[in-house]
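Heads up, the thing below is written out as structure tokens.
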There are 2 protein chains.
Amino acid sequence: MKTIPGGVTAPIGFRAAGVYSGIKKKKKQQLDLALVVSDHEGPVAGVFTTNQVVAAPVILDRLHLKQGIGRAFLVNSGNANACTGSEGMEAAQEMAQLAATTLNCAPHTIFVGSTGVIGQPLPIACIRKALPALAARVTRRGGAEAAAAIMTTDLKPKQVAVRAQLGGKLVTVGGMAKGSGMIHPNMATMLGYLTTDAAIGQRALQSALKQAVDQSFNCITVDGDTSTNDTVLCLANGMAGNRPITAGSADFTRFCAMLETVCRTLALKICWDGEGVTKVVRVEVTGAESPKAAKQVAQTVATSNLVKTALFGGDANWGRVMAALGRAGVPLDPSRISLQFGGVPMVRKGLGLGRAAERQLTKVFKTKEFTILIDLAQGKASAHMWTTDLSYEYVRINASYRS
Amino acid sequence: MKTIPGGVTAPIGFRAAGVYSGIKKKKKQQLDLALVVSDHEGPVAGVFTTNQVVAAPVILDRLHLKQGIGRAFLVNSGNANACTGSEGMEAAQEMAQLAATTLNCAPHTIFVGSTGVIGQPLPIACIRKALPALAARVTRRGGAEAAAAIMTTDLKPKQVAVRAQLGGKLVTVGGMAKGSGMIHPNMATMLGYLTTDAAIGQRALQSALKQAVDQSFNCITVDGDTSTNDTVLCLANGMAGNRPITAGSADFTRFCAMLETVCRTLALKICWDGEGVTKVVRVEVTGAESPKAAKQVAQTVATSNLVKTALFGGDANWGRVMAALGRAGVPLDPSRISLQFGGVPMVRKGLGLGRAAERQLTKVFKTKEFTILIDLAQGKASAHMWTTDLSYEYVRINASYRS
């Protein structure tokens, strides 16, 4: 498997574009409407937010996913179309209908997405007006433009593509995502759109996507909130001409690895582009009694504001990690716990290793990327999470998001 | 019941003082060691952190609480004596022993407390050296000095006292607390020391304190972390000479109200003095199916960083409240939910009430204190939490706490 340039239009048969439709307040050259189209329809897999307050596009996409066939993604930024009631549902349906008419396909093959402010009516007139030009604009090189058009407070568009020999052919998986605020598992907020020219059935695709998301988007946290709009979709058009991938086969395993690489790369790009982020840190928990316990400890440490501000300050305050794991709700024996930061042992059997270790630790905390290793010494299960620091910038961006 | 000046030395028979012992790095006139002594020993009640990583003084106090008799509180700031192993336990025991020798009482009647940095050895030599002068210094007017000596990043000492006619006599309850970072239920981090001259048995006192803490310290959150050191203790010396208060009596109910007032006043002072806090907001949940569900929703909203930064920014972003309650892990019907902010209806049956309501809301968000009312319209249970905004200052203070 190798990484290649591009994103959603890297696989055969995908075109994309982005335009400014008027949903965002105009500032400079910003885009707010993206279209990704496959030349042919194909199976679609999707995973969505577990938040119980869900946006209209999520409700609609879940409905469309029951048929499991897709042709295009139509996504706007600047408005989340969430908490907008039946009017919002109608707007989401109209988005799908408009794209279906323009592309001459069935509405249920259109998957729509929205991201931005919650609770304001989606200005569907903007989309109605912009769609013909957008549809005319899609090209094989339009992936980057589409990735730019789904951004909100993101600083950079996020896309990636990988390619590998699979079932006798070169198969490509591409993807784009938007993230920034509200990044937390279940699922990591954000919109993620994956495309592939692999030939694969819907159920195998769904299972592969679920696995990939669990190991990537569901392992990152920026601020512990989950959004009403979280969506990851993958459309497979089969145009690579490979032998169809079946669940459980060696090809399936390799395809899963490709999806996971794309998802993990996008997830880490989201972390790095998280609001005000200056550090991305992997929290790894080993020696837990169960995978669930391991995950719970990793999550509690990864979402602790006190840990996150210490990361920002470059402050080797390992005591905050101990305090955070102690409230994870998992039975622990503090006197067994060991901590390493970037490979430097700092706590052994619950005890700090003193000033010399701390001096080394201070150096680790000044780097931009390292691992916090927590060994509970109770069992054999492990889990990890990526987290980010909590900075002034996070507060600034989130205090004034709508203004 | 009326509020009177003073704190832990307001009840009859309590003396206190604070000194600088050398535990903190010296900056200006700061104090770091407090002693509160009762002329006579009496029943003690206590509640402690639910964190599984607990500091040595908490372990020791839990042990002493089994006897349930107290004479004095000895508390240092600048060092938490947590994650310090058997050496830390010895230091905590020595603190108690030193005070017991000085005051000529049994070590188990001394309750010790520590707050500050985790994982560094407690410089017990400082305490050993400072204690004689501290013990000589205690006076009936020393409550404020003791309250100042237990501060860490607190900006202001926190104390309060209330008095009421009870069982034929004037009974007084006083208290002091330190808080700031790591304020979260179970229990709200912090140290809280309550004194009273009421005559009351240990079991009744323990039950009253538990209730009071549940309705006060356990209803506040600053940053969602719980500390290794959280402790609230109450010592009752019986010197008011009232008829002994028995559980279930009318006097007991009135005494509970006094304790709760003291605890709630201290808890709100902690919120207001929270790191970088500019707003204190009450999150009230009604119409829940169970008290537990109500509490869970209140907590999830109260600890959401996105809600807290919106509060700081004065941004009427009610969508973040909807998004936060949707991930509380409680079954909800979004189409029944109503929201009011400071009495202004903003969401009715899951739908935003439009621009005019939002303009009013913007005014509410600019005030320093208001209530977010969440009506789930599912049942009859309710709960509340106080939360604070998340500001630049929070990040600044916590990024550099140890430096």
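Below, chains carry the letters A, B, ... as their sequence lines are ordered, and counting in each starts from 1.
For V330(A), the part sitting under 4.5 Å from any heavy atom of chain B is the backbone (N, CA, C, O) and nothing else.
Scanning all heavy atoms of the two residues, the minimum distance from A55(A) to N81(A) falls at CB-O, 3.6 Å. Summarising the geometry of S77(A) relative to K24(A), their closest heavy-atom pair is OG-CE, 3.1 Å, with the distance given to 0.1 Å.
Interface summary for chain B: among S86(A), G352(A), G119(A), the most heavy-atom pairs under 4.5 angstrom belong to G119(A). Ranked by heavy-atom pairs under 4.5 Å with chain B, the list P121(A), A82(A), P334(A) is led by P334(A). Of the listed residues P331(A), G88(A), S335(A), A80(A), the one with more heavy-atom pairs under 4.5 angstrom with chain B than any other is P331(A).
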**Report entry** Stepwise side chain to side chain contact (heavy atoms under 4.5 Å, CB included) test for M346(A) and E358(A)
**Finding:** CA-CA 7 Å; M346(A) 188 61 233; E358(A) 268 190 32; 3.4 Å; yes

Requested in this report: Output, in order, the C-alpha distance, side-chain angles, deciding distance and verdict of side chain to side chain contact (heavy atoms under 4.5 Å, CB included) for S114(A) and N76(A).
Outcome: CA-CA 5 Å; S114(A) 296; N76(A) 74 273; 2.6 Å; yes

